[in-house]
Amino acid sequence: MFGKRSPKPAPTPDFMQDITPVSLKTAAARRFLAFCQQDFPTYQKADGFDPNVYKDAVKLVISRLEATRHME
């Protein structure tokens with residue numbers, strides 16, 4: 001109780017910092033980014049949740065979605 005510090009919440013990764021919806025060329029990538037921005041707060045306090053892994057996964061999926069634009 002006293003003298004015991006409460007755990008700090010995990011820092012919220014700012015998806016807008018690295019990836020902006022304007023810079024995305026496909027509608028699927030923009031929708032996925034919007035979903036992740038809404039989804040992140042739901043899981044950020046879950047046991048074993050790593051915000052950096054989530055952010056890396058978002059970047060990977062977005063890069064794949066953006067790559068499909070050039071496959072035609």
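In this structure, the side chain of Glu66 engages the main chain of Thr26 through a donor-acceptor pair within 3.5 Å.
In this view, Asp39 and Tyr54 satisfy the side-chain hydrogen bond (donor to acceptor under 3.5 Å, both in side chains) rule, not counting sequence neighbours. In this structure Asp50 satisfies the side chain to side chain contact (heavy atoms under 4.5 Å, CB included) test together with Asn52, Val53, sequence neighbours excluded. Residues satisfying the side chain to side chain contact (heavy atoms under 4.5 Å, CB included) test with Ala27, not counting sequence neighbours, are Arg30, Arg31.
The structure places CG of Leu24 at 5.5 Å from CD1 of Ile62, a figure rounded to the nearest 0.5 Å. In this structure, CZ on Arg64 lies 12.5 Å from CZ on Phe32, to the nearest 0.5 angstrom.
Hydrophobic clustering (ILVMFWY, side-chain heavy atoms < 4.5 Å, transitive): Phe35 and Tyr43 are in distinct clusters.
When ring centroids are compared, Phe40 and Phe49 come within the 6.0 Å threshold.
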